Amino acid sequence: MLEGQYDSKKVEDKIYKLWEESGFFNPDKLPARHKKPFSIVLPPPNVTGVLHMGSALMLAIEDTMVRYERMKGKKALWIPGTDHASIATETKFLKEKKIFRNDYMNKRDEFISMVNEYALQNQSQILRQMRVMGASLDWSRLKFTLDKDHSDTVTEAFIQMHKAGIIEMGTGLFTIINWDVKGQTVVNDDEIEYQAEKAKLYTFRYDKNFPILISTTRPETKFGDTAVAVNPNDKRYKNFIGKTFDAEFLSKKLSIKIIGDPSVDQNFGTGALGVTPAHSKIDAEMAIRHNLPSYQVINEYGKMSENTSALVTGKKTVEARDIIVNYLKEQNLLEKEEIIDQNIPRAQRSGGIIEPLPKRHQFFIRVNKKIPGKNKTLKELMIDSVKSGKIEILPKRFEKTYFNWVENLRDWSISRQIWYGHRLPVWYKPPAPEGDALDYVVSKTKPEGEGWEQFSDTLDTWFSSGLWPFSTLGWPNSTNDLKQYFPTSVLETAYDILFFWVARMILMSQFLLGKVPFKTVYLHGLVRDEQNRKISKSLGNNIDPVDMISQYGADAIRMAMIVGTSVGNDSKVSMDKFKAYRNFSNKIWNAGKFVLMNADGIDITKKPKLSKEDAKYLVELNKFIAKVTKQMDSFKFYMASEEIYHYFWHVFCDKIIEEKKRDILSEDIAKRNSAKWLLLEIYATCLQLLHPFMPFITEEIYQQLPIKNKKSCLIIEEWPK
RNA sequence: GCACCGUUAGCUUAGUGGUAGAGCGCCACCUUGACACGGUGGAGGUCAGAGGUUCAAGUCCUCUACGGUGCACCA
């Protein structure tokens, strides 16, 4: 019997165990009425740490969807997993343990097993937290991105894409990559964050005989200049175009060709810019257009190479800059020095400066290359997937953002110089020759013969994540799961990984399976605190969901996160909100006490003749069910949850129960039975409606309801009609 | 520079053309036999500003202000 106040601590573990033992999280074990498949893959949390409020929100929304669809009679599958998150995990590991990877130069395996151990520790905690949230995940299908299965999938995908020419090795000299000096790896365009800073724009000439003044914020790169570019329409410079001048910059001899290129802005600086093909993407593109040579002058440690001047060789770039500026001043070559606004690029993970430089033997996914046999590029496929309506993004406005991003997409650099991750299935015979040319073989296993070695680079972590929706279902094998559950029904995730992840999954799925990976993308927002600040450790406003759950109960936390959180919008959490839904849990409990107290001798399956008033309440209930169902079907969980809250508390408890108290004490047996039946009926219905949102308490009470022939668990009870 | 979003009660927000709604908080009263993690009642809004469309605008259009986000540029 229900008694006292609701105590979530006594209930939650017990109920979760009951569910796990029932087996119903696994769709194969659901009763026969569950036929039509419904599937979601859980965005696998990074094994970098424990779950945060954002993950809690994600679990709450997805579990609500899955439980709802399961009750509606769907064969509901929700696949759990975790992500090794190569770059994030390795960076965090090094930082936390104060380890330098260089100390393990010849002990790669040892290093990896250390990171892996760290990852697995986090993983086990994350999996526990998911259970604490009440997530109805099918644990029998649990995956990890470094599992053998998934790793094989990654290799297979690489091989297929390479075979089709969609993965290619870049030509080092003119392939300028974003080099993270601190993290010692290549990063992709979208792994860079720009920071607005004041910078000095220097206007000077290379030497006193050079005819043109150029402007730059980075004089130290000028050792690599092979041209000066001007706008072809610029009258000031028209006559110089096509001529080549010898120059001496500090002690370094340069040969500078004057080129006309329409990309040059006449109004910026002097309207003439030194072209440094090795240290700027735009300059490299110009170099290709104008057939210019390219010389690297900054190395991978962010220091000046020997190919510069003895004055600066070996110095860090900023030190070199000072030396150069002083030299220019002394030689009277510096014309002007002005402060301008500039965006300094930094690596998102390590915080290190990004140094654009050329790098050999890097692999790229070509997004603008026609796919053999399809006559379309990856970019076009990505756009078509959404434009055709095969994928719907909620809220709709993110479709525009998506198109905008895809249209501006450049080739995806997938080689990373870190160790924790999927190693490229690429083999070569060391030593690699000088220059770009390299004989290599792409293969699952070491090729026949002597001397083969595997590339030391690993793949961008998003390459692996991009395969997740079908890798988890068994691709490349044609499994039952793949046949039944792919494309998945809904992909639910935070909007800040729309590009990183969602777009990549669409890319991969379109190329490898020729299908979209999911039908609906439901994007949720960021979780903020009461003061509208982003929740982060550095702000000290970090809220631990597990902590909150032990204080207020998982159901309360889930409701607090869902009510008022409409699709795509940021949400706020506060203790007040948690408390409010903890109180609601208790209200449900106490109402249950009252209903059960008066349910003696009532058989809910046998509707008695209802009083006029009670019949009216029943009609209202049915209208209410229809309304809530409609909201659930259109992903308006924030609305449905609030409606049920309101109906339960302010209609059922405040109005109906209070009124029926009289009838229950009435002399009139018919009136009494009508009232008692009505209360039990509405109460049981509310438990069902509330179950997707507040699974623990509703299940706990359901187990005690005096209903004949009820299901073994509320989780497989039918959604009310 | 381009784009997107937001601006409704003290706070969080719903409301996708027809008389301003909810939750929390606040105030007053009530220890009534489910519940004080409760009940009853109540105060509180010129829907950011200006203009327009319409019989009718929080809702559609234009502009402005403020706040936020994304992308691009970054010589």
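Lettering follows sequence order; numbering is per chain, from 1. In this text the structure is predicted, and so the values were computed from the model without any measurement.
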Pairs under 3.5 angstrom, nitrogen or oxygen only, protein versus nucleotides 42-44 of chain B, please.
none

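The cationic group of A:Lys387 lies under 6.0 Å from the six-membered ring centre of A:Phe403 and within 45° of the ring axis, placing it in a cation-pi geometry. A:Lys660 forms no cation-pi arrangement with A:Phe594, by the criterion of a distance under 6.0 Å to the ring centre and an angle within 45° of the ring axis.
Residues passing the salt bridge (charged side-chain N to carboxylate O under 4.0 Å, His left out) test with A:Arg236 are A:Asp234, sequence neighbours excluded.
Side-chain contact annotation: A:Asn178 with A:Asp189, donor-acceptor N/O pair under 3.5 Å present. Under the 3.5 Å distance criterion, with hydrogens and angles disregarded, no donor-acceptor pair is assigned to the side chains of A:Lys676 and A:Asn673. Using a 3.5 Å distance cut-off with no hydrogens or angles, the side chains of A:Tyr6 and A:Glu700 do not pair a donor with an acceptor. When only modelled atom types and interatomic distance are considered, A:Trp412 and A:Asp460 share a side-chain donor-acceptor pair under 3.5 Å. Defined by atom type and a distance below 3.5 Å, a donor-acceptor pair is missing between the side-chain atoms of A:Asn569 and A:Tyr638. Side chains of A:Glu492 and A:His524: a donor on one and an acceptor on the other come within 3.5 Å. A side-chain donor-acceptor contact under 3.5 Å links A:Ser674 and A:Asp614.
Between A:Phe584 and A:Phe648, the ring-plane angle classifies as perpendicular under the 30° and 60° cut-offs.
As judged by a 4.0 angstrom heavy-atom cut-off over every strand, A:Leu665 is placed among the base-contacting residues. If you check every strand for non-hydrogen atoms under 4.0 Å, A:Arg397 touches sugar and phosphate atoms only.
Here the side chains of A:Met559 and A:Met694 are in contact, with some heavy-atom distance below 4.5 Å. Looking only at side-chain heavy atoms (C-beta outward), A:Ile61 and A:Phe635 stay at 4.5 Å or farther from each other. In this structure, A:Arg218 and A:His279 have side chains that are not in contact, with every pair of non-hydrogen atoms separated by 4.5 Å or more.
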**Study point:** Protein-to-nucleotide contact annotation, 5' to 3' order, nucleotides 22-32 of chain B [B base; S sugar-phosphate only; - none; under 4.0 Å, heavy atom]
**Key:** SSS--------

**Study point:** Per-nucleotide protein contact string for nucleotides 69-75 of chain B (B base, S sugar-phosphate only, - none; heavy atom under 4.0 Å)
**Key:** -SS-BBB

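Look at A:Lys587 and you won't find any side-chain N or O under 4.0 angstrom from OP1 or OP2 of B:C37.
In this entry the distance linking NZ of A:Lys627 with P of B:G15 reads 13 Å, nearest Å. Between the CE atom of A:Met575 and the C1' atom of B:U12 there is a distance of 15 Å, given to the nearest Å. Rounded to whole angstrom, the span from the CG atom of A:Leu394 across to the P atom of B:U16 amounts to 17 Å. Regarding A:Glu659, its CD atom lies at a distance of 16 Å from the P atom of B:A34, rounded to whole Å. Between the CG atom of A:Leu526 and the C1' atom of B:G68 there is a distance of 11 Å, given to the nearest Å. Regarding A:Met639, its CE atom lies at a distance of 11 Å from the C1' atom of B:G21, rounded to whole Å. Atom pair A:Leu498:CG and B:A3:P shows a separation of 20 Å (rounding to whole Å applied). If you take CD1 of A:Ile701 and P of B:A34, they are 16 Å apart, rounded to a whole angstrom.
Nucleotides B:G51 and B:A9 have their C1' atoms positioned 27 Å apart, rounded to a whole Å. As rounded to the nearest Å, B:A43 and B:G33 have P atoms that lie 29 Å from one another. B:C29 and B:A36 have their C1' atoms separated by 14 Å, with the value rounded to a whole Å. If you take atom C1' in B:G67 and the same atom in B:C30, they sit 44 Å apart, rounded to whole Å. Across the P atoms, B:G10 and B:G45 are found 7 Å apart, a figure rounded to whole Å. Taking the C1' atoms as reference points, B:C2 lies 30 Å from B:C47, given to the whole Å. To the nearest whole angstrom, the two C1' atoms, one in B:A65 and one in B:G25, are 30 Å apart. Atom name C1', nucleotides B:C73 and B:A3: the rounded distance is 15 Å, in whole Å.
Atom CG of A:Asp7 sits about 9.0 Å away from atom CD of A:Glu12, to the nearest 0.5 Å. With values rounded to the nearest 0.5 angstrom, A:Met304 atom CE is found 10.0 Å from A:Arg321 atom CZ. In this structure, CD1 on A:Ile391 lies 6.0 Å from OH on A:Tyr402, to the nearest 0.5 angstrom.
Between A:Ile324 and the choices A:Tyr202, A:Phe249, A:Phe204, the side chain to side chain contact (heavy atoms under 4.5 Å, CB included) rule is met once, by A:Phe249.
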Revision key, fill the gap. Pairing string of RNA chain B (Watson-Crick or G-U wobble, both atom distances under 3.5 Å; | = paired to other strand) is ((((((((.[[[[.)..(..]]]].(((((.......))))).....[[[[[..)....]]]]])))))))....

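Not a single donor-acceptor contact under 3.5 angstrom links the side-chain atoms of A:Glu3 to the base of B:A34.
Residues A:Lys400 and A:Asn590 each lie close to RNA chain B; by heavy-atom proximity, the contact nearer the 5' end of the strand is made by A:Lys400.
Residues from residues 547-567 of chain A placing a heavy atom under 4.0 Å of any atom in RNA chain B, listed by number, are A:Ser566.
For A:Asn583, the side-chain atoms get nearest to B:G38 when compared with the rest of B:G38, B:A34, B:G39.
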